[in-house]
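Only one structure is covered here, and it is reproduced in the block below.
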Amino acid sequence: LAELGRALCPSFLCGAVLAAALAALLPLVESFGPAAELAILTAAGAVVYIAATAVFARSIVRPIWGGWRGVSPGAAR
């Protein structure tokens, strides 16, 4: 059970950071129209989740990035 908790902890932390960031941002964008609000929250959510993943799930992400660096530049696009 402890191993499962350690394995899932980075994902839960990333989700918690994302939820807190969007909850803080939501009151600031409520005055915009629905489409603008959705676009802002989606962009902010992507940035926050990527940053949280880089911080909390570095050991998972690092091998993936290493594998991508081995790919030829034309194939990565």
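Residues take their numbers from the sequence shown, with the count starting at 1.
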Could you pull out the closest heavy-atom pair between A7 and P10, with the gap in Å?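 Looks like O-CD, 3.6 Å.
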Going by side-chain contact (heavy atoms from CB on, under 4.5 Å), E37 matches just one of L26, T42, L28. Which one?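 Single pass found, and it is L26.
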Quick one: hydrophobic cluster around L38, which other residues, with the 4.5 Å side-chain cut-off, linked directly or via members?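 For L38, no cluster forms, as it stays isolated from other hydrophobic side chains.
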Indicate if V47 and V55 have the same hydrophobic cluster label, given that clusters are the connected sets of ILVMFWY residues with side-chain heavy-atom separations under 4.5 angstrom.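 Hydrophobic grouping puts V47 apart from V55.
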Apply side-chain contact (heavy atoms from CB on, under 4.5 Å) to A52 and list each qualifying residue two or more places apart in sequence or on a separate chain.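 side-chain contact (heavy atoms from CB on, under 4.5 Å) check on A52 returns C14, V17, F56.
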Report the residues that fulfil side-chain contact (heavy atoms from CB on, under 4.5 Å) with F32, sequence neighbours left out, ordered by chain and then residue number.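 With sequence neighbours excluded, F32 shows a side-chain contact (heavy atoms from CB on, under 4.5 Å) to V29, A36, I40, given in chain and number order.
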Over 12 foreign heavy atoms within 6.0 Å of CD, E3: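 No, the 6.0 Å shell around CD holds no more than 12 heavy atoms from other groups.
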